[in-house]
Amino acid sequence: MKRLRILTIFTVITALILYFSKKMNTIEAAGEGLVIKKEWLTINQNPLTPQKDVRPADQTFLTFPEWFLVFSPEEQANYFKKTTASSFPFMSHVKQFWASYRIINHQIKDNFPPNKGYHLMIWVIGCSTTVEYSMKALYETIVGRLTDTKEVITEEDKFNAKFTQDYVDFIRDKPWYEFDFKSRLKTLWSETSFFGDNFLRKIDRKYLLTSELLVKWGYGKLIGLGSKQVYDEVLPTTAVVLNSSSINHGLKVEKQFDDNAVLVYLPRYHQFNQAITDLATKGLSFKEIAGNNSAILLTVLVPTSQETKFTEAQTVFTQIVSSDLSMKRIALAIPVGQLDKLLVQLVNEKVKIEHVFDY
């Protein structure tokens with residue numbers, strides 16, 4: 001218990017230092033403090049969206065740290081297909097998590113009512129990620145590099161690449177703690193040989209992967225039980241009010257309003273990206289998303305050398321993809337009513353839309 005308390009205190013102190021630090025080489029804020037127009041940061045007082053489907057306006061920003069913990073494993077999955085985990089920049093991701101959260105917080109502070117529950121959740125997942133990535137970075141530096149084969153050669157490194165990709169595919173639309181770590185642990189020991197070439201690497205990876213899967217299996221069970229007690233069941237859809245009633249795109253219209261606007265439901269999370277982009281490219285515009293008409297956040301991925309101007313949007317920050325320095329992530333904010341124009345521009349210019357944060 002004493003070691004656990006010391007680790008907890010160390011983690012919190014580390015998180016605080018990283019959160020308040022402004023010296024982040026791989027992330028650059030668009031300016032000091034608030035960079036988004038203040039009139040974009042308002043609460044829709046009379047939403048057309050049913051109250052059960054309305055989500056707080058600030059959550060489009062607060063969901064970025066959550067989704068960064070999807071982007072991070074996705075980077076790892078791409079990296080592990082070609083290169084072993086021993087050289088992955090885990091600590092850069094820890095720094096980016098806290099730095100982006102600090103920048104995001106500057107945009108919503110004093111502009112929306114306190115969202116204490118969401119901030120607490122971010123600190124919990126941030127601290128647990130800080131512990132996980134710090135331990136991985138330490139282990140890979142001391143042990144992993146001694147056994148490293150550089151290329152993905154052993155069965156265990158190949159397993160790690162597949163497991164990480166499966167995990168990413170899962171958490172794009174479902175909570176991480178529902179992932180079946182137990183079956184992956186069985187697969188690790190049943191489908192990889194104990195002896196073979198690069199024996200030290202095999203044993204090293206078996207130990208590391210077994211430890212990770214066991215911890216995440218147990219921790220995930222606890223988090224899952226806690227979430228059911230504390231939080232309501234999450235809706236799998238996002239309510240969107242469209243400005244036009246002339247819809248012929250296979251969407252079910254739930255309600256039509258006096259001004260010809262209509263209410264439809266789109267899939268939430270990762271699938272929301274394609275659904276909202278398809279509507280924009282078909283000439284439809286948006287009046288409300290999850291009951292909000294204020295600024296919505298989205299991220300795009302572009303080559304580091306590329307300079308792109310985004311119509312009517314405000315850049316919030318730029319973040320170098322630390323596992324692939326040729327690419328950068330740009331976080332943009334734009335009012336819901338102008339989102340369609342931006343999405344059409346991005347599609348026409350073949351800019352990859354990483355995620356639209358649907359509150």
Side-chain angles (χ1 to χ4, degrees), residues 15 17-38 40-41 58-76 78-79 88-109 111 122 126 129-130 133 270 273 277 294-336 338-339 341-358:
I17 292 171
L18 291 172
Y19 174 74
F20 288 107
S21 174
K22 295 184 179 181
K23 295 180 179 179
M24 300 294 174
N25 295 329
T26 58
I27 183 168
E28 181 180 353
E32 288 293 326
L34 181 65
V35 297
I36 300 173
K37 294 177 182 179
K38 200 169 181 66
W40 290 6
L41 302 172
D58 62 343
Q59 287 187 187
T60 187
F61 299 99
L62 290 175
T63 50
F64 178 82
E66 268 193 293
W67 273 94
F68 184 79
L69 298 184
V70 177
F71 305 153
S72 176
E74 185 171 17
E75 278 190 49
Q76 293 176 54
N78 293 332
Y79 193 86
F88 189 80
F90 289 106
M91 292 313 296
S92 291
H93 280 223
V94 174
K95 293 175 183 178
Q96 288 187 336
F97 175 91
W98 292 109
S100 59
Y101 175 42
R102 177 178 61 80
I103 294 168
I104 287 296
N105 200 31
H106 280 310
Q107 308 312 304
I108 60 175
K109 188 171 61 175
N111 290 303
I122 291 171
T129 300
T130 300
Y133 282 18
H270 181 67
N273 289 9
T277 303
S294 55
I296 188 169
L297 188 75
L298 67 153
T299 53
V300 298
L301 291 172
V302 298
T304 308
S305 58
Q306 180 175 319
E307 294 296 330
T308 306
K309 293 184 179 180
F310 302 100
T311 305
E312 303 297 333
Q314 171 62 56
T315 298
V316 181
F317 63 81
T318 301
Q319 190 177 62
I320 300 297
V321 176
S322 57
S323 61
D324 180 3
L325 301 181
S326 67
M327 298 296 292
K328 61 184 176 182
R329 172 179 295 112
I330 302 177
L332 303 168
I334 192 166
V336 165
Q338 298 175 42
L339 176 62
K341 297 175 184 176
L342 177 59
L343 293 176
V344 169
Q345 178 195 353
L346 295 173
V347 170
N348 289 340
E349 295 181 7
K350 295 181 171 54
V351 175
K352 182 177 180 181
I353 302 168
E354 183 180 41
H355 193 71
V356 182
F357 298 84
D358 58 329

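Being a predicted model, the structure only gives us computed values, none of them experimental.
At a threshold of 4.5 Å between non-hydrogen side-chain atoms, the residues L62 and F357 do not count as touching. Residues Q345 and L342 have side chains in contact (heavy-atom distance under 4.5 Å, counting atoms from C-beta outward). Using a 4.5 Å heavy-atom threshold, the side chains of F64 and T299 count as touching. With contacts defined as side-chain heavy-atom distances shorter than 4.5 Å, the pair W67/H270 qualifies. I330 places none of its side-chain heavy atoms less than 4.5 Å from the side chain of T308. Under the 4.5 Å side-chain criterion, counting only non-hydrogen atoms from C-beta, K37 is not in contact with P335. Using a 4.5 Å heavy-atom threshold, the side chains of H93 and F71 count as separate. Residues I334 and F310 have side chains not in contact (no heavy-atom distance under 4.5 Å, counting atoms from C-beta outward).
No side-chain donor-acceptor contact under 3.5 Å links S72 to the backbone of F68. Using modelled atom types, no side-chain atom of Q96 and backbone atom of M91 make a donor-acceptor pair closer than 3.5 Å. With hydrogens and angles disregarded, a donor-acceptor distance shorter than 3.5 Å links the side chain of T60 to the backbone of L297. A donor-acceptor pair under 3.5 Å links the side-chain atoms of Q107 to the main chain of I103, judged by distance alone. Of the possible polar contacts, none joining the T315 side chain to the L332 backbone as a donor-acceptor pair under 3.5 Å is found.
The minimum heavy-atom distance between V35 and V316, with the atom names listed, is CG2-CA, 4.2 Å. The two residues A333 and W40 have their closest heavy-atom pair at O-CZ3, 3.3 Å. A pairwise comparison of heavy atoms in Q319 and S100 identifies NE2-CB, 4.0 Å as the closest pair. Counting all heavy atoms, side chain and backbone alike, A30 lies closest to Q314 at CB-NE2, 4.1 Å.
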Checklist entry - Where do F97 and I122 land on the side-chain contact (heavy atoms from CB on, under 4.5 Å) test, with the steps shown first? => result CA-CA 10 Å; F97 175 91; I122 291 171; 3.9 Å; yes
Next on the checklist: Could you walk me through whether N111 and I36 satisfy the side-chain contact (heavy atoms from CB on, under 4.5 Å) test, starting with their C-alpha distance in whole Å, then the side-chain angles of each, then the deciding distance to 0.1 Å, before giving a yes or no?
Outcome noted: CA-CA 11 Å; N111 290 303; I36 300 173; over 6 Å; no
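The pair E354-R329 meets the salt-bridge criterion, with a side-chain N (NZ, NE, NH1 or NH2) lying under 4.0 Å from an Asp/Glu carboxylate O.
L298 CG to N273 CG: the interatomic distance, rounded to the nearest 0.5 Å, is 9.0 Å. Here K95 contributes atom NZ and I27 contributes atom CD1; the two are 12.5 Å apart, rounded to the nearest 0.5 Å. Between the CD1 atom in I296 and the CG atom in L339 there is a gap of 5.5 Å [rounded to 0.5 Å].
Each of D324, V321, I320, L325 was evaluated against T304; a single residue qualifies, I320, per the side-chain contact (heavy atoms from CB on, under 4.5 Å) test.
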